[in-house]
Student: 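One structure is given below, represented as structure tokens, and several questions about it will come after.
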Amino acid sequence: MPAPRTFLVASTSLPLSLGWGWNLSLYVGMLFGLLLLMLLLLWMLFKQLGNSDYRGSVRPFVHFNAKHDAEILHKAMKGIGTDEDAILMVLSARSNDQRQQIKAAYKKAYGKDLVSALKSELGGLFENLIVALMTPPVLYDATLLHKAVKGAGTDDQVLIEILASRTGDQIKDISKVYKKEFGGKLEKDISSDTGGSYGRLLVILLQGSREEGVEEDKIENDAKDLYAAGEGKFGTDEEKFITILGNRSSEHLQKVFDAYKKISGSDIEDSIKGEITGNLEDLLLAVVKCVRNVPGFFAESLYKSMRRAGTDDDTLMRIMVTRSEVDMLDIRANFKKMYGQSLYTTIQEDTAGDYQKALLYLCGGKD
């Protein structure tokens, strides 16, 4: 009798120990898998939240390889004929920083400057667009401003667009690059090429030093001063408009514009149009529009570039290049809201060829 009792204890305790160990391993494995799943979901959520803040249509290419892209471009330009599709598909689908890396890889591999090679193979508007894409953003702005004041006459549209829409830090960077590249001071060149109240406001904007925050005690006074300088008097005190619109922060000005409407019964834009003319009017309106809604300002500029007699390709190209990594998604949304059709479709109707294809890539899709 004792022997069977011992055997039974031994035979039942072994399976129990094995069962407990197996169950523990199962539980640990399930918990580990669940933890991995939760971490994956959190990573996807954070990635989505991070991407939601990015409003450009052109993003850094995920599987980027500068050397490989340089090889593709070399093959596209090698021999008889040029593979324009390969060129535009690579360069329009890479961020500007990645394009600079491709440029460096190309020179290292083939001993030639990529931009020079592209210029020798391409032509017309497509060439201009590709060269613009290959230029670092700050240098591109500095070059545009240099051409605006050093060419035949003055391109006031370029001066107004850039100085009204760029941030203070961007303007300071542009001034530094301008001096390095062109050997002169941007402020001096603009001052010598413009004049009057218009020139003074350009110089104020060129300082890139708007006041910060909202000064509640100044809102009502600024609104009253603007009204008294325009609608509330005979003649116009342009200096008051320049001082307030050129120096106050965007957040502050938005509140001033609301207060102005309560005082005068009309928008500040209507006052500017009724009181001021010429380049100063255009500049003040651009400042107001950018304070209210920068993407809306560019949506309007794009519409005008394509819906007048002929196409203003300089403006179209300039905006598509400079805003493709900044706020093109918002520009598209504003364009659709303001004009009832997509920017993509409008570009399709107004352009052609490889130039059109590249612009559509920069646009990023239909709305």
Side-chain angles (χ1 to χ4, degrees), residues 51 54-141 143-144 302 305-306 311 313-329 331-332 342-367:
N51 288 343
Y54 185 82
R55 305 306 297 161
S57 54
V58 175
R59 297 169 178 266
F61 193 67
V62 178
H63 304 293
F64 176 64
N65 186 318
K67 184 179 179 181
H68 181 253
D69 285 347
E71 290 175 1
I72 293 174
L73 293 174
H74 178 67
K75 290 178 182 177
M77 295 184 285
K78 187 178 179 181
I80 300 173
T82 305
D83 187 348
E84 286 88 355
D85 283 338
I87 292 172
L88 72 88
M89 287 188 71
V90 168
L91 297 181
S92 60
R94 306 294 185 270
S95 67
N96 193 277
D97 180 67
Q98 289 175 335
R99 293 181 203 121
Q100 303 314 312
Q101 294 180 56
I102 295 170
K103 181 180 177 181
Y106 186 91
K107 191 164 190 177
K108 182 178 180 181
Y110 307 107
K112 296 186 291 184
D113 178 67
L114 177 56
V115 175
S116 298
L118 289 166
K119 285 182 177 180
S120 67
E121 294 290 329
L122 306 175
L125 293 172
F126 182 53
E127 176 193 336
N128 295 340
L129 179 57
I130 292 297
V131 171
L133 289 174
M134 290 301 302
T135 309
V138 178
L139 176 57
Y140 185 56
D141 277 347
T143 303
L144 289 170
L302 284 171
S305 74
M306 292 182 282
T311 303
D313 290 294
D314 287 340
T315 297
L316 173 59
M317 191 184 312
R318 184 173 65 246
I319 296 175
M320 296 303 295
V321 169
T322 58
R323 310 311 292 189
S324 61
E325 293 183 57
V326 182
D327 54 3
M328 185 55 67
L329 299 182
I331 292 172
R332 280 167 39 185
S342 73
L343 175 59
Y344 190 97
T345 302
T346 307
I347 292 172
Q348 277 185 318
E349 294 172 351
D350 224 61
T351 59
D354 295 318
Y355 172 59
Q356 179 197 77
K357 292 178 186 177
L359 288 173
L360 294 177
Y361 271 110
L362 296 179
C363 183
K366 297 182 180 180
D367 295 294

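For clarity, every value in this text was computed on a predicted model and none was experimentally measured.
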Student: Check whether any side-chain heavy atom of Met77 sits under 4.5 Å from a side-chain heavy atom of Ile87, and report yes or no.
Tutor: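 Yes, their side chains come closer than 4.5 Å.
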Student: Could you tell me if the side chain of Arg332 sits less than 4.5 Å from the side chain of Tyr344, heavy atoms only?
Tutor: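 Contact flag for Tyr344/Arg332 side chains = no.
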Student: With rounding to the nearest 0.5 angstrom, report the CD to CD distance, Glu349 to Gln356.
Tutor: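 Answer rounded to 0.5 Å: 10.0 Å.
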Student: If I compare all heavy atoms of Asn96 with all of Pro137, which pair ends up nearest, and what's the gap?
Tutor: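 Shortest heavy-atom contact: OD1-CD, 3.4 Å.
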Student: To the nearest 0.5 Å, how far apart are CE in Met317 and OG in Ser305?
Tutor: 10.5 Å
Student: Donor-acceptor pair, Ser92 side chain versus Leu362 backbone, under 3.5 Å?
Tutor: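 Not at all, since once roles are kept as given, no pair shorter than 3.5 Å links the two residues.
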Student: Starting from the C-alpha separation in whole Å, work towards a yes-or-no answer on side chain to side chain contact (heavy atoms under 4.5 Å, CB included) for Lys357 and Asp85.
Tutor: CA-CA 9 Å; Lys357 292 178 186 177; Asp85 283 338; 3.2 Å; yes
Student: Are any non-hydrogen side-chain atoms of Leu91 and Leu73 less than 4.5 angstrom apart?
Tutor: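 Heavy-atom side-chain distance check passes, below 4.5 Å.
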Student: Do the non-hydrogen side-chain atoms of Ile347 and Met320 ever get within less than 4.5 Å of each other?
Tutor: yes
Student: Determine the minimum heavy-atom distance between Thr345 and Ser342, stating which atoms define it.
Tutor: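 Heavy atoms only, the tightest pair is OG1-OG, 2.7 Å.
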Student: According to the side chain to side chain donor-acceptor pair (under 3.5 Å) rule, which pairs have a member within residues 314-329, sequence neighbours left out?
Tutor: Gln157-Thr315, Glu161-Arg318, Asp312-Thr315, Thr315-Arg318, Arg323-Asp327
Student: Are the side chains of Phe64 and Asp69 in contact, using a 4.5 Å heavy-atom criterion?
Tutor: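 Answer yes - side chains close enough.
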Student: State the CG-CZ distance between Leu133 and Arg99, to the nearest 0.5 angstrom.
Tutor: 4.5 Å
Student: Going by the rule ring pair (Phe, Tyr, Trp, His ring centres under 6.0 Å), which residues pair with Tyr110 if we only count those two or more places apart in sequence or in a different chain?
Tutor: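 Only His74, Tyr106 meet the ring pair (Phe, Tyr, Trp, His ring centres under 6.0 Å) criterion with Tyr110.
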Student: So how far is it from Lys107 NZ to Leu114 CG, rounded to the nearest 0.5 Å?
Tutor: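 Taking NZ in Lys107 and CG in Leu114, the distance rounds to 11.0 Å.
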Student: Determine the minimum heavy-atom distance between Met134 and Val115, stating which atoms define it.
Tutor: CB-CG2, 3.9 Å
Student: What's the separation between atom CE in Met89 and atom CZ in Arg94, rounded to the nearest 0.5 Å?
Tutor: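 Here the rounded value is 9.0 Å.
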Student: Report yes if the side chains of Lys103 and Gln100 come closer than 4.5 Å at any heavy-atom pair, otherwise no.
Tutor: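 Lys103 vs Gln100: side chains touch.
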Student: For Ser57 and Gly364, which heavy atoms make the closest approach, and how far apart are they?
Tutor: CB-CA, 4.1 Å
Student: Give, for atom CD of Gln348 and atom NZ of Lys366, the distance between the pair rounded to the nearest 0.5 Å.
Tutor: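 Answer for the CD-NZ pair, Gln348 versus Lys366, is 5.0 Å.
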Student: Who passes salt bridge (Lys or Arg N to Asp or Glu O under 4.0 Å) against Glu71, sequence neighbours left out?
Tutor: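 For Glu71, no residue satisfies salt bridge (Lys or Arg N to Asp or Glu O under 4.0 Å) once neighbours in sequence are set aside.
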Student: I'd like to check the side-chain contact (heavy atoms from CB on, under 4.5 Å) partners of Ala109; sequence neighbours left out, ordered by chain and number.
Tutor: none
Student: Can you give the donor-acceptor pairs under 3.5 Å from side chains of residues 119-129 to other protein atoms, not counting sequence neighbours?
Tutor:
unit_1 : atom_1 : unit_2 : atom_2 : d
Ser120 : OG     : Ala117 : O      : 2.7
Glu121 : OE1    : Thr82  : OG1    : 2.5

Student: Please report the C-alpha distance between Leu343 and Met328 in whole Å, then the side-chain angles of each, then the deciding distance to 0.1 Å, and finally whether the side chain to side chain contact (heavy atoms under 4.5 Å, CB included) criterion is met.
Tutor: CA-CA 10 Å; Leu343 175 59; Met328 185 55 67; 4.0 Å; yes
Student: Please check: side-chain N/O of Gln98 versus main-chain N/O of Phe61, any donor-acceptor pairing under 3.5 Å?
Tutor: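 Looks like yes, one N/O pair under 3.5 Å.
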Student: If the condition is side-chain contact (heavy atoms from CB on, under 4.5 Å), which residues does Thr311 pass it with, not counting sequence neighbours?
Tutor: Met306, Asp313, Leu316, Asp350
